[in-house]
Amino acid sequence: MRILVCVKQVPSGTQVRLDPETRTMIRDARQSVLNPFDAYAVEEAVRIKERLGGQVTVLSMGIPSTERLLRDTMARGADEGILLSDRAFAGADTLATSYTLAEGIRRLGDFSLILCGRMAVDGDTAQIGPELAEQLGIPHVTEVCRIVSLDEREAVVAREAEGVRRTLAVPLPALFTVSREINQPRLPSLAGIRRAAQGSVQVWGASELQTDPERTGLAGSPTKVVETYVPEREQECRWITGTAAEQAAEVLRVWKERKP
């Protein structure tokens, strides 16, 4: 059984820098980490491998230094990493990203299951998983909180969204996006880190994937950010004195004054 996991590098902390010309995020490997939601997908893939055998391959599209992130997933139990990296892929929205990932998966060949995190914390769109499944023409389930059973032909999964829990039988190959409830990710072990340092990370660009230049990067991204700005915040502190009744009256007056 071959399990693929798609992961993303995201900025650490809360600061996100934007390119003023392209309106896209500036990726800085020095301040980037594995997308937290993707850690659950990696962990679930490794657990499936430990139960049923097989191979776990992790894919990511990003700048060359994203290799560090892939080696982190290998230290957690993945077998190999594939990095899709090319200037032609820069500035991609979710549609162009899912197309590029799909081309990478087609180059890899047969697989049984694709796992993705629920969403990326820097974009919050939750679109990559479903779009990737549509690009590949396979069934998909989002918000999977438990894989009940799994064999070579079918998976039975539980998903929970908006307080409703459902159990679904899905033919394989398929794609699942997983929620935080599915497991508790392990930390890289010392032996895992040593193994990852010697592991295989292949880098594929546009020439290897033979991607359509009109479907990758900015050219293949119908989503356009027309304006970005930092919201202006004003703070003012005002001391209110007097009796309790006078203070209450003053608070009410200020509230009415500020009310839109």
Side-chain angles (χ1 to χ4, degrees), residues 1-14 29-62 65-84 101 105 108 111-124 126 128-129 132 140-152 155-160 165 172-202:
M1 175 176 288
R2 188 173 202 179
I3 307 164
L4 310 182
V5 186
C6 295
V7 301
K8 184 181 181 183
Q9 179 175 272
V10 298
S12 61
T14 58
R30 293 171 300 177
Q31 299 180 343
S32 297
V33 296
L34 174 66
N35 177 45
F37 284 104
D38 294 342
Y40 297 92
V42 173
E43 174 66 24
E44 193 63 22
V46 173
R47 291 190 183 193
I48 293 171
K49 182 185 76 169
E50 291 172 344
R51 293 197 312 269
L52 304 177
Q55 182 180 23
V56 175
T57 300
V58 181
L59 293 92
S60 185
M61 189 186 89
S65 55
T66 305
E67 179 180 336
R68 178 178 60 85
L69 175 149
L70 291 172
R71 292 197 182 278
D72 176 69
T73 67
M74 293 163 66
R76 299 169 189 249
D79 297 295
E80 63 175 350
I82 306 291
L83 174 59
L84 311 181
L101 288 170
I105 291 170
L108 273 171
F111 61 91
S112 301
L113 180 64
I114 301 175
L115 297 178
C116 302
R118 176 176 174 268
M119 64 181 185
V121 295
D122 60 349
D124 293 356
I128 291 292
L132 177 56
H140 58 91
V141 182
T142 60
E143 304 281 0
V144 171
C145 58
R146 184 187 173 202
I147 297 180
V148 179
S149 64
L150 181 68
D151 58 33
E152 292 291 340
V156 177
V157 300
R159 76 179 298 267
E160 186 167 348
R165 190 181 182 97
L172 299 182
L175 182 148
F176 304 145
T177 70
V178 300
S179 66
R180 289 179 173 178
E181 289 72 29
I182 197 166
N183 59 47
Q184 180 60 48
R186 72 192 72 186
L187 295 175
S189 65
L190 182 58
I193 293 171
R194 289 174 177 169
R195 184 177 62 252
Q198 301 173 349
S200 169
V201 175
Q202 300 183 64

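What you see is a predicted model; the values in this text were computed from it and never measured.
Looking at Arg76 and Asp72, a side-chain N of the basic residue comes within less than 4.0 Å of a carboxylate O on the acidic one, giving a salt bridge.
Among all heavy-atom pairs drawn from Met119 and Asn35, the shortest one is O-ND2, 2.9 Å. Between Gln55 and Asp79, the closest heavy-atom pair is CA-OD2, 3.3 Å. The heavy-atom pair separating Ala158 from Arg165 by the smallest distance is CB-NH2, 3.9 Å. The nearest pair of heavy atoms linking Pro185 to Tyr40 is CD-CE2, 3.4 Å. Between Leu150 and Ala155, the shortest heavy-atom contact is CD1-CB, 3.5 Å. Between Ala41 and Val5 the shortest heavy-atom distance is CB-CG1, 3.8 Å.
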Q: Given side-chain contact (heavy atoms from CB on, under 4.5 Å), test Ile82 with Leu4 step by step and report yes or no.
A: CA-CA 10 Å; Ile82 306 291; Leu4 310 182; over 6 Å; no
Q: Output, in order, the C-alpha distance, side-chain angles, deciding distance and verdict of side-chain contact (heavy atoms from CB on, under 4.5 Å) for His140 and Phe176.
A: CA-CA 6 Å; His140 58 91; Phe176 304 145; 6.0 Å; no
**Q.** Working for side-chain contact (heavy atoms from CB on, under 4.5 Å), residues Ile48 and Val56
**A.** CA-CA 9 Å; Ile48 293 171; Val56 175; over 6 Å; no
Q.
Is there a salt bridge (Lys or Arg N to Asp or Glu O under 4.0 Å) between Arg2 and Glu152? Walk through the geometry before answering.
A. CA-CA 10 Å; Arg2 188 173 202 179; Glu152 292 291 340; over 6 Å; no
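Cys6 has its side chain within reach of Leu132: a pair of non-hydrogen atoms, C-beta onward, lies under 4.5 Å apart. The side-chain heavy atoms of Val7 and Leu69, taken from C-beta on, include a pair separated by under 4.5 Å. In this structure the side chain of Pro36 reaches within 4.5 angstrom of the side chain of Val121, judged on heavy atoms. Using a 4.5 Å heavy-atom threshold, the side chains of Ile147 and Glu44 count as touching.
With 3.5 Å as the limit, one finds no donor-acceptor pair spanning the side chains of Glu80 and Ser200. Remark: the Thr142 side chain and the Arg118 side chain contain no N/O donor-acceptor pair separated by less than 3.5 Å. Counted by atom type alone, Asn183 and Glu43 present zero donor-acceptor pairs between their side chains at under 3.5 Å.
Between atom CG of residue Leu101 and atom SG of residue Cys116 there is a gap of 8.0 Å, rounded to the nearest 0.5 Å. In this structure, CD1 in Ile3 is found 13.0 Å from CZ in Arg47, a value given to the nearest 0.5 Å. Residue Lys8 holds its NZ atom at 7.0 Å from CD1 of Ile128, rounded to the nearest 0.5 Å. In this structure, CZ on Arg71 lies 5.5 Å from CE on Met74, to the nearest 0.5 angstrom. If you take CZ on Arg68 and CG on Leu83, they are separated by 12.5 Å, rounding to the nearest 0.5 Å. With rounding to the nearest 0.5 Å, the separation of CD1 in Ile114 from CD1 in Ile105 is 3.5 Å.
Proximity of a side-chain donor or acceptor of Thr177 to a complementary backbone N or O of Glu143 within less than 3.5 Å is detected.
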